[in-house]
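If you read the sequence from its start, that first residue is 1, and numbering goes on from there.
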Amino acid sequence: MNTQAIICLTIYAGVIIMFALRKWPLALTAMVGAILMVLTGCIEPATLLDNIATTTTVLVASMFVVANAFGKTQTVQKISKAIAKISRGSLLKVLLGYAILAMAVNEFIGSSSATFAIVWPLALACAKELKISPSKLAFPLGIVCISAGGILPTAGAISMAEYFRGFFVAFDMEQFADYAILDYCIVRIFPAVVVLLYCVFIAPKLMPERVDIGSAVIADTSERKEQLSSFHEKAAVITFVLMIFGIAFSSRIGLPSWLVAMVCAAIIVACGIFRGNDVFKNMGLSILLLTAGGVTLANGLQASGAAEVIGDVMMAMLGEHPSGYLVGAAFFAISAIVAQFLTNAPTNQIFCPIALMTCQALGGNPFGPVFLGVSGALMATLTPFANPTASMMFDAGQYSIKDTVKVGLPLIILVGAVAVTAVMTIFPLYA
């Protein structure tokens, strides 16, 4: 391991410790870590600036403005009261309803962060109505948004399946690249079902109950001092609905998701729902800084070669003639671990080629190990910098890493056991 990798890992370890201690705000901790990465030469200063001004931050900031405007409407209160009435005060029924809603929205939008920003204001308002601590809801719903997608042959699943098909071709494994989109959905349905059941029936019992927290992600609508005018009410609801459908069908209308959200945020401001500093207060700046800091830390780890070191260790552990189940389990586990620190996208970029090369050397079908690795990377839920959605749910519930590890680690083990057994049986390594 080179000196740069050691420095990066040391900084990262310090950030994790500070997150666990919760002495500083999450965003401050992440940005201090990112700045240290720059000062120690692990990354270029321009990388940090690029991570602050990305299409993701524009998308998230714009969605926060629209979602917070929607959160001020009577519509949210009416929906939350209706769900509260149907659930009869049952946390289980509330979670089940919003979890299924999140899964449905995510299938069509294809973005976990966008889905969370849409569903959370409704769930938060319902929590206030039923006097349920938001900390009981944020993490379970966040996990569903991150880890339970890709089960239907919609745009998100199709794009993911086609993206990885390119890796198969690039590594001269065309004979295994003719899989169907439904094959990808089959791989994803096992983790999705386990995640849904766990988050509804088990996770709420393990989550801390913090009654004194607010939510930096979505404005607290239960204590607003004045109602919106009829015009502002209609404008906020219509703009919110337009944003949902605009993002869902962005590829068909020829506009990127971030631009759709930005235009909708501009409409909210133009209508006068938010004015002056209220716009900045509702942009979720703490989440944007937390996300930018986390991505910068991930950039440092990737550039230093620390992730490749982990991959080499895993390869040495597999041995010469491992069973298909062992190979599948190994790639699920290592992807799930690394994704907590590197985010899921770069994790896939690193370990998909390793999985393909490993299976090529073994003379086996790489489909199972590759997509088990993808499923493992989608379990990136234990740290606030695992992905933007994780940042949102950490902030919404004011969790520590101790909280999320307590709830999330058993889920990862359970999902791994079920997914590896099912996938490597249906798509065996050795035909």
>> Set out, in order, the CA-CA distance, both residues' side-chain angles and the distance that settles side-chain contact (heavy atoms from CB on, under 4.5 Å) for Met392 and Trp120, then state yes or no.
In response: CA-CA 10 Å; Met392 294 183 202; Trp120 180 243; over 6 Å; no

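- Distance check, rounded to the nearest 0.5 Å: OG of Ser112 to CD1 of Ile143 gives 12.0 Å.
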Identify every side-chain donor-acceptor pair in residues 364-384 under 3.5 Å, counting partners at least two apart or on other chains, and give the distances.
{"unit_1": "Asn365", "atom_1": "OD1", "unit_2": "Phe367", "atom_2": "N", "d": "3.0"}
{"unit_1": "Ser375", "atom_1": "OG", "unit_2": "Arg188", "atom_2": "NH1", "d": "3.0"}
{"unit_1": "Ser375", "atom_1": "OG", "unit_2": "Phe371", "atom_2": "O", "d": "3.2"}
{"unit_1": "Thr381", "atom_1": "OG1", "unit_2": "Met379", "atom_2": "O", "d": "3.3"}
{"unit_1": "Thr383", "atom_1": "OG1", "unit_2": "Gln340", "atom_2": "O", "d": "2.4"}
{"unit_1": "Thr383", "atom_1": "OG1", "unit_2": "Ala386", "atom_2": "N", "d": "3.4"}

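- In summary, of the residues considered (Tyr184, Phe168, Phe164), a ring-ring contact (aromatic ring centres under 6.0 Å, His included) with Tyr179 occurs for Phe168 alone.
- With hydrogens and angles ignored, the 3.5 Å screen pairs no side-chain donor or acceptor of Ser62 with any backbone N or O of Leu59.
- The number of heavy atoms from other shown groups lying within 6.0 Å of CE (Met262) does not exceed 12.
- Pairing each heavy atom of Ala148 with each of Met103, the nearest pair is O-CE, 3.7 Å.
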Could you give the side-chain donor-acceptor pairs of residues 234-247 under 3.5 Å, partners two or more places apart or in another chain?
{"unit_1": "Thr239", "atom_1": "OG1", "unit_2": "Ala235", "atom_2": "O", "d": "2.6"}

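- Here Asn51 contributes atom CG and Leu289 contributes atom CG; the two are 12.0 Å apart, rounded to the nearest 0.5 Å.
- Under the side chain to side chain donor-acceptor pair (under 3.5 Å) criterion, no residue pair touches residues 258-280, with sequence neighbours excluded.
- Using modelled atom types, one side-chain atom of Asp183 and one backbone atom of Ala180 make a donor-acceptor pair closer than 3.5 Å.
- The backbone N or O of Ser113 lies less than 3.5 Å from a partner atom in the side chain of Thr389, making a donor-acceptor pair.
- Residues Leu91 and Pro204 share a closest heavy-atom pair of CD2-CB, 3.7 Å.
- The side-chain hydrogen bond (donor to acceptor under 3.5 Å, both in side chains) search around Thr404 returns none, not counting sequence neighbours.
- Of the N and O atoms on the side chains of Asp50 and Thr47, not one donor lies less than 3.5 Å from an acceptor on the other residue.
- Tyr399 places no side-chain N or O within 3.5 Å of a backbone atom of Met393 that could act as its donor or acceptor partner.
- Minimum interatomic distance between Cys145 and Asn106 (heavy atoms only, all atoms of both residues): O-ND2, 2.9 Å.
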>> Using side-chain contact (heavy atoms from CB on, under 4.5 Å), reason through Leu48 and Met31 one step at a time and then give a plain yes or no.
In response: CA-CA 9 Å; Leu48 175 56; Met31 288 305 296; 4.1 Å; yes

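- Contact of the Cys199 side chain with the Leu141 side chain is not registered, since no non-hydrogen atoms from C-beta on lie closer than 4.5 Å.
- Leu122 has its side chain within reach of Phe70: a pair of non-hydrogen atoms, C-beta onward, lies under 4.5 Å apart.
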>> If you apply the rule side-chain contact (heavy atoms from CB on, under 4.5 Å), what do you find for Tyr325 with Leu429, and how did you get there?
In response: CA-CA 8 Å; Tyr325 293 98; Leu429 177 64; over 6 Å; no

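- Under the side chain to side chain contact (heavy atoms under 4.5 Å, CB included) test applied with Pro134, the options Lys128, Glu209, Gln398 reduce to a single match, Lys128.
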> Checking side-chain contact (heavy atoms from CB on, under 4.5 Å) for the pair Phe139/Val407: CA distance, chi angles, key distance, verdict?
Replying inline: CA-CA 9 Å; Phe139 190 68; Val407 182; 3.9 Å; yes

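- Shortest non-hydrogen contact noted between Val279 and Val65 is O-CG2, 4.2 Å.
- Closest approach of Ala69 and Thr73 over heavy atoms only: O-CG2, 3.6 Å.
- Partners of Thr55 according to the side-chain hydrogen bond (donor to acceptor under 3.5 Å, both in side chains) rule, which considers only residues two or more places apart in sequence or in another chain, do not exist here.
- Side chain of Glu233 to backbone of Leu228: no donor-acceptor contact under 3.5 angstrom is found.
- Of the inter-residue distances, the one linking Ser400 atom OG with Phe394 atom CZ reads 7.5 Å to the nearest 0.5 angstrom.
- Tyr198 meets the ring pair (Phe, Tyr, Trp, His ring centres under 6.0 Å) test with no other residue; sequence neighbours excluded.
- In this structure, OG1 in Thr57 is found 8.5 Å from CD1 in Ile52, a value given to the nearest 0.5 Å.
- Contact check for Val119 versus Val144: no side-chain heavy atoms found under the 4.5 Å cut-off.
- Without hydrogens or angle criteria, Ser335 side chain to Phe332 main chain gives no donor-acceptor distance under 3.5 Å.
- Contact detail for Phe427 and Ile186: the closest heavy-atom pair is CE1-CG2, 4.2 Å.
- Residues Phe116 and Pro388 are not in side-chain contact: their nearest non-hydrogen atoms beyond the backbone lie 4.5 Å or more apart.
- Atom CG of Leu101 is separated from atom CD1 of Ile118 by 9.0 Å, given to the nearest 0.5 angstrom.
- We find the CD1-CG distance between Ile151 and Leu182 to be 12.0 Å, quoted to the nearest 0.5 Å.
- Side-chain atoms of Ile412 and Ile337, non-hydrogen and from C-beta on, never get closer than 4.5 Å to each other.
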